[in-house]
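Input: a single structure, listed below in C-alpha cells.
What you see is a predicted model; the values in this text were computed from it and never measured. The chains referred to below are lettered A, B, ... by the order of the sequence lines, with proteins before strands, and numbering in each begins at 1.
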2 protein chains.
Amino acid sequence: MARPGPAHKRHTQPHTQGGTSLSRVPVRERAVTTRTSTDGARDIPEATVARLPVYLRALVTLADQGTTTCSSEELATAAGVNSAKLRKDLSYLGSYGTRGVGYDVEYLRYQIARQIGVTQDWPVVIVGIGNLGHALANFSGFRSRGFRVVALLDADEHRHGETVAGVDVRPFDDLDRMVREHGVAIGVIATPAAAAQDVADRMVACGIRSILNFAPIVLAVPDDVDVRKVDLSIELQILAYHEQRKANGADAVVPSVVPESVEQGSTARGGAA
Amino acid sequence: MARPGPAHKRHTQPHTQGGTSLSRVPVRERAVTTRTSTDGARDIPEATVARLPVYLRALVTLADQGTTTCSSEELATAAGVNSAKLRKDLSYLGSYGTRGVGYDVEYLRYQIARQIGVTQDWPVVIVGIGNLGHALANFSGFRSRGFRVVALLDADEHRHGETVAGVDVRPFDDLDRMVREHGVAIGVIATPAAAAQDVADRMVACGIRSILNFAPIVLAVPDDVDVRKVDLSIELQILAYHEQRKANGADAVVPSVVPESVEQGSTARGGAA
DNA sequence: GCCGATTTGTTCCCGCGTTCACAAGGCTCT
DNA sequence: AGAGCCTTGTGAACGCGGGAACAAATCGGC
C-alpha cells in the first residue's frame with residue numbers, strides 16, 4: 001500500500017498545527033485578485049483566520065457588557081493574545097480602528113463577522129446521532145453564531161423519528177436530498193471511526209466541501225474539500241505529554257502536588273469575562 | 001484595564017494555531033537536560049508533539065491489521081503527513097528505525113506511547129455532565145488511549161447519584177477530595193461558559209495543571225497551567241470562512257456579502273448573537 | 001567479501017508567523 | 001491653531017516549522 005508513484009484522485013491531507021487539520025490547495029491559486037467584493041481582503045493568513053472567531057466572541061462579550069469602544073490592548077486581553085498580534089491580524093481585513101481612540105465594538109464586530117461569513121446562517125447537517133451527535137445538536141452556540149442545523153442523520157434505524165433539538169433524525173440516505181433542499185455546505189461527522197470515511201465520501205459526492213470531523217480517523221478527501229478535525233484523545237495526549245514533563249522535571253510521578261496549593265489568588269477574576 | 005505595565009499573577013495565555021491553544025512557559029526554561037529518564041529527548045517541538053498521537057493511532061491501526069513492519073512512507077500516508085516530516089518528527093525522539101528496512105510497528109508504538117506518557121493510565125476528572133459531559137464520559141477512546149475517568153462532577157444536584165459509564169455523578173465540591181484520592185492531574189471542563197472560569201480556578205487550586213476546556217471562553221490561569229481548548233463554533237467559523245471564499249470565487253452562491261451598508265455609527269445588529 | 005538496492009536520519013533552505021519598534025494619524029486642551 | 005499625548009497600523013528582524021535532497025547505514029544477492 002501507499003505507493004509513492006501514482007497520483008491518486010484522493011489523497012490524505014497534510015496536517016497543520018494544533019490538533020486540527022485543514023487541507024489547503026497550494027496549487028490552484030486561481031488569480032482572483034479583484035473579485036472578492038467591496039473590501040480589499042484578498043488573502044488572510046490561515047493563522048489569522050483561526051483567531052478571528054476568537055476576536056468575534058470577545059467583541060460580543062464586550063458588547064454585552066455595554067462596552068462601545070475598546071483599545072487593541074483590551075480586546076487582546078479578552079481574546080487571550082498579545083496586542084501586536086491582534087493589530088496585525090485586524091490590519092489584514094482593513095483599517096477599522098481610530099488612532100488615538102481604539103475600535104468601535106459594534107462596528108468591528110460586524111466587520112469580522114462579515115469577513116468570516118457569519119452575517120447570515122449557514123445550514124449544517126450532522127451525521128451520527130449518538131452521544132456526541134446529541135450534544136452537538138443541542139449545542140446552543142450553533143444558532144447563535146451563524147449556523148443552523150437543518151438535518152440530523154443516522155444509519156441506525158432505531159434512532160429514526162426521534163427528535164433532537166427540534167429536528168427529526170432521518171436515515172442517512174436522505175443526505176443527498178437534505179443537502180439539495182437546504183443548500184447545505186458544511187457537514188459534521190460524529191459517527192464511529194469505522195463509518196467516518198464512508199460518510200465523508202457520500203458528503204463529497206453530494207457537493208459538500210467543508211467537513212468538521214469528530215471521528216478519530218484521518219479522512220481522505222479531494223483537494224478542494226476542507227476538513228477540520230476535532231479529536232479528544234489527541235488533545236488529551238498532548239496534555240499528558242506536557243504533564244509528564246512537568247512531573248519528571250520537578251517531583252517524581254503522577255501523585256500530583258496538593259500541598260501548598262491554595263496560595264493562588266483563587267477568586268481573583270482576571271480582566272476577561 | 002489591561003495595562004502593559006504590571007505583571008499579573010495570572011494571565012490569559014497566548015493562542016497557538018488551529019483552534020486549540022496551549023499556554024507554554026517561555027520564561028522558566030529550567031535547565032533540566034539530564035533528568036528525563038533513559039532516553040535523550042529533551043525538547044520536542046510543539047508541532048511534533050501534536051502529531052505524535054496521530055502517529056500512535058496509525059501504528060495501532062497497522063498493528064491491528066497484522067502489520068509488523070512499515071516504512072516511513074506507509075506510516076506517513078496512514079497518518080496523513082508526508083514522509084519527510086514524519087521522519088524528522090521521529091528523529092526527535094531517537095533512532096528507532098532500521099535503515100533499508102523501516103520501523104518495527106510494535107516497538108515504535110511503544111516508544112511513542114512512552115514519550116507521550118500514555119504507557120500507563122492518567123486519571124481524569126470531568127466537570128459538567130450535560131450533553132457534552134455525557135458524551136465525553138461514554139467516549140471509549142478514553143480508556144483505550146491511556147486515560148481513565150475517575151470522577152464526574154456537576155454543580156446541579158439533580159444530576160447527583162446518576163451513573164454514567166459506570167461512574168457516579170458527584171457534587172462539584174468533591175473535586176478536591178477526588179483529586180487527592182486519585183492523583184488526578186488532568187481536568188476536563190464541559191460546563192457552560194459562565195461556570196468555566198470558576199471551575200478552572202478550583203481545579204488550579206486543587207493542583208491540576210492540565211486542563212482541556214470545551215467551554216467557549218478564554219480561561220485565565222497561572223503560567224504553569226496548560227490549557228487546551230476545543231471549540232466547536234470556532235472550527236465551524238473557520239470552515240465558513242473558507243466556504244465563503246470558495247463560493248465567492250466561483251459562482252455567486254449564498255446571499256453572501258451584505259452591501260456596504262454598515263458604516264461606522266450604525267447599530268448594525270448583524271448576524272451573530 | 002563486495003556491490004547494489006533500499007530506507008532512514010539529517011542538513012540546508014525557504015516561507016510563514018510572531019514580535020518589536022516606530023512612524024502616521026487623530027483627539028484634546030490651551 | 002498648535003502642542004502634546006495616545007493608539008493604530010506597519011515595516012523589519014527573527015525564529016520555528018516544512019520540504020527537498022543527500023549522506024549514512026543495513027540487507028540481500030552474487
Listed nucleotide nearest any side-chain atom of Ser91(B), set dT18(C), dG9(C), dA20(D):
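When the side chain of Ser91(B) is considered, dG9(C) is the closest of dT18(C), dG9(C), dA20(D).
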Can you tell me which nucleotide in dG17(C), dT8(C), dG18(D) comes closest to the side chain of Ala47(A)?
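Selected nucleotide: dG17(C).
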Look up atom CD1 in Ile189(A) and atom CD in Gln197(A), then write down how far apart they are to the nearest 0.5 Å.
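Atom-to-atom, Ile189(A):CD1 and Gln197(A):CD are 8.0 Å apart.
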Could you measure the distance from the CG atom of Asp89(A) to the OH atom of Tyr55(A)? Nearest 0.5 Å is fine.
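Here the rounded value is 3.5 Å.
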Sequence neighbours excluded, which residues qualify as side chain to side chain contact (heavy atoms under 4.5 Å, CB included) partners of Ser71(B)?
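Once residues adjacent in sequence are excluded, the partners of Ser71(B) under the side chain to side chain contact (heavy atoms under 4.5 Å, CB included) criterion are Glu73(B), Glu74(B).
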Please enumerate all residues that pass side chain to side chain contact (heavy atoms under 4.5 Å, CB included) together with Thr67(A), with sequence neighbours excluded.
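Only Leu62(A), Gln65(A), Val105(A) meet the side chain to side chain contact (heavy atoms under 4.5 Å, CB included) criterion with Thr67(A).
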When the distance from [atom1] of [X] to [atom2] of [N] is rounded to whole Å, what number comes out?
X	N	atom1	atom2	result
Leu52(B)	dG17(D)	CG	C1'	15 Å
Tyr92(A)	dG9(D)	OH	P	14 Å
Glu46(B)	dG18(D)	CD	P	12 Å
Asp89(A)	dG17(C)	CG	P	10 Å
Leu86(B)	dG9(C)	CG	C1'	12 Å
Asp104(A)	dT8(D)	CG	P	13 Å
Leu108(A)	dT8(D)	CG	P	11 Å
Asp43(A)	dG15(C)	CG	C1'	14 Å

Are Arg109(B) and Asp104(B) close enough for a salt bridge, meaning some N to O gap below 4.0 Å?
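Looking at Arg109(B) and Asp104(B), the cut-off is not met.
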On the nucleotide dG9(C), are OP1 or OP2 found under 4.0 Å from the side-chain N or O atoms that Tyr103(B) carries?
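Looking at the OP1 and OP2 atoms of dG9(C), one of them is under 4.0 Å from a side-chain N or O of Tyr103(B).
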Please state whether the phosphate of dT19(C), meaning OP1 or OP2, lies under 4.0 angstrom from any side-chain nitrogen or oxygen of Asn82(A).
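Asn82(A) to dT19(C) OP1/OP2: side-chain N or O found under 4.0 Å.
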Decide whether Ser210(A) and Arg228(A) meet the rule of one side-chain donor and one side-chain acceptor closer than 3.5 Å.
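Judged by distance alone, the side chains do not pair up.
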Each nucleotide in nucleotides 23-30 of chain D should get exactly one letter: B, S or -. Can you fill that in based on protein heavy atoms under 4.0 Å?
-BBBS---
Can you name the residues that form a salt bridge (Lys or Arg N to Asp or Glu O under 4.0 Å) with Arg87(B), not counting sequence neighbours?
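With neighbours one apart ignored, the set is empty.
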Residues which pass salt bridge (Lys or Arg N to Asp or Glu O under 4.0 Å) with Arg145(B), listed by chain and number, not counting sequence neighbours
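Once residues adjacent in sequence are excluded, Arg145(B) has no partner under the salt bridge (Lys or Arg N to Asp or Glu O under 4.0 Å) criterion.
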Aromatic ring proximity, centroids under 6.0 angstrom, Tyr103(B) and Tyr96(B)
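Aromatic pair excluded; centres sit 6.0 Å or further apart.
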Where each residue is assigned the nucleotide of DNA chain C containing its nearest heavy atom, which of Arg87(B) and Thr48(A) is assigned the position nearer the 5′ end?
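Closer to the 5' end of DNA chain C: Arg87(B).
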Can you give me the N/O atom pairs linking the protein to nucleotides 12-14 of chain C at distances under 3.5 Å, or say none if there are none?
unit_1: dC12(C); atom_1: N4; unit_2: Lys88(B); atom_2: NZ; d: 3.4

